[in-house]
Participant: 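Dumping the structure here so I can ask a few things about it.
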Amino acid sequence: MKGKFITFEGGDGAGKSLQIEKVAQYLRSIGKEVIVTREPGGTEVGKEIRRLLVEGDKDKFDEIAEVLLFYADRRIHLEKKIKPAINEGKYVLSDRYNDSTIAYQFYGSNKFNDTKILDELYKIIAGDFKPDATVLLDVDVELGLKRSFKKAETTNTKELRFENVELAFHQRLKNGYLELAKKDPNRFVVVNANNSVEEVYEELIEKLKTKL
Ligand code: TYD
């Protein structure tokens with residue numbers, strides 16, 4: 001039996017990692033084999049690509065170089081990790097996937113006129129493969145950023161390349177994600193991520209169960 005591919009999306013500080021862990025626990029409790037992974041950086045090579053992408057100055061390369069790196073990471077991730085695991089019957093939970101590229105690089109950055117290049121690149125690396133379900137954690141922009149900076153302070157992270165951008169970016173990002181969800185309601189589960197971890201999880205798991 002084939003496994004499933006479930007992706008988690010949202011702006012910075014939406015609380016994805018905590019929710020992914022809880023969903024993984026739930027799936028294991030009902031007997032599924034689960035792997036948790038992420039983009040960028042879900043493979044060994046991907047970790048090197050991740051470092052190039054998330055550390056340093058935000059203008060260190062342009063938007064074309066940037067998306068090529070994201071898609072290189074995604075291709076390796078798909079071929080080496082996601083597809084083999086699904087073929088072994090596992091449930092693969094990914095912290096971010098292709099919707100992140102559309103949301104951040106198209107809606108957020110505003111540097112592409114349309115999604116054509118991104119859609120083409122996705123087709124090249126993945127064909128018509130897509131997630132079985134995508135959880136969108138929808139958080140208010142200011143709350144998300146507050147959580148995100150607090151986490152960065154306590155973990156002393158260098159990964160601030162995508163956080164150091166203006167508020168309007170994050171507002172576009174949030175609206176962009178909601179638009180993506182509206183276009184593909186069969187795949188997306190939209191969850192209000194402004195509440196406590198427990199409350200968010202309750203809403204999330206009830207909605208996700210209908211897609212599993
Ligand atoms: P992530 O580790 O999920 O960061 P966070 O914990 O802040 O959610 O992702 C790293 C950053 O990379 C994040 O700011 C979003 C960005 N990103 C893109 O811009 N495009 C993409 O395609 C992906 C996968 C991530």
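Hydrogens, waters and symmetry mates play no part in the numbers below; they use all other heavy atoms, side chains included. Both ligands and their constituent atoms are indexed starting at 1 by order of listing. Treat the numbers as computed from the prediction; the structure is a model and nothing was measured.
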Participant: For atom 2 (O) of ligand 1, which candidate among R74, R50, E66 provides the closest heavy atom?
Facilitator: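 When every heavy atom of R74, R50, E66 is considered, R50 comes closest to atom 2 (O) of ligand 1.
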Participant: Which ligand 1 atoms are under 4.0 Å away from a heavy-atom of E39?
Facilitator: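 Every atom of ligand 1 under 4.0 Å from some heavy atom of E39: 24 (C).
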Participant: Do T7 and V135 make a side-chain contact, defined as non-hydrogen atoms from C-beta onward lying under 4.5 Å apart?
Facilitator: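 Sidechains of V135 and T7: no contact.
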Participant: Which of the numbered atoms in ligand 1 are below 4.0 angstrom from a heavy atom of K16?
Facilitator: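 Reading through ligand 1 atom by atom, the close ones are 3 (O), 8 (O).
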Participant: Heavy atoms only, cut-off 4.0 Å: how does H77 contact ligand 1, side chain, backbone, both, or neither?
Facilitator: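 Contact part for H77 vs ligand 1: neither.
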Participant: Tell me whether K174 is salt-bridged to D140, with the criterion being a basic N under 4.0 Å from an acidic carboxylate O.
Facilitator: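 The answer is yes: the pair qualifies as a salt bridge.
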Participant: Any N/O of T101 closer than 3.5 Å to an N/O of ligand 1?
Facilitator: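 N/O-N/O distance under 3.5 Å: yes.
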Participant: Taking non-hydrogen atoms only, is D95 closer than 4.0 angstrom to ligand 1 via side chain, backbone, both or neither?
Facilitator: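 The part of D95 near ligand 1 is the side chain, not the backbone.
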Participant: Does the pair D73/R38 count as a salt bridge with the N-to-O cut at 4.0 Å?
Facilitator: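 So D73 does not pair with R38 through a salt bridge.
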Participant: Do F129 and K83 come within less than 4.5 Å of each other through their side chains, counting heavy atoms only?
Facilitator: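 The answer is yes; the side chains approach within 4.5 Å.
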Participant: Are K60 and D57 within salt-bridge range, i.e. N to O under 4.0 Å?
Facilitator: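 Salt bridge flag = no for D57 with K60.
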Participant: Thinking salt bridges, do E120 and K116 make one under a 4.0 Å N-O criterion?
Facilitator: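 Salt bridge between E120 and K116, a charged N being under 4.0 Å from a carboxylate O: no.
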Participant: Just jot down the ligand 1 atoms closer than 4.0 angstrom to any heavy atom of Q105, in number order.
Facilitator: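 The atoms of ligand 1 under 4.0 Å from a heavy atom of Q105 are 18 (C), 19 (O), 20 (N), 21 (C), 22 (O).
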Participant: Which residue from L173, L53, D73, D12 reaches closest to atom 13 (C) of ligand 1 through any of its heavy atoms?
Facilitator: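 The nearest heavy atom belongs to D12.
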Participant: If I apply the N/O under 3.5 Å rule, does S148 come out as touching ligand 1?
Facilitator: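 No; every N/O pair is 3.5 Å or more apart.
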Participant: Counting only N and O atoms by type, is there a donor-acceptor contact under 3.5 Å from the side chain of D138 to the main-chain atoms of V191?
Facilitator: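 Not confirmed, D138 side chain does not pair with V191 backbone.
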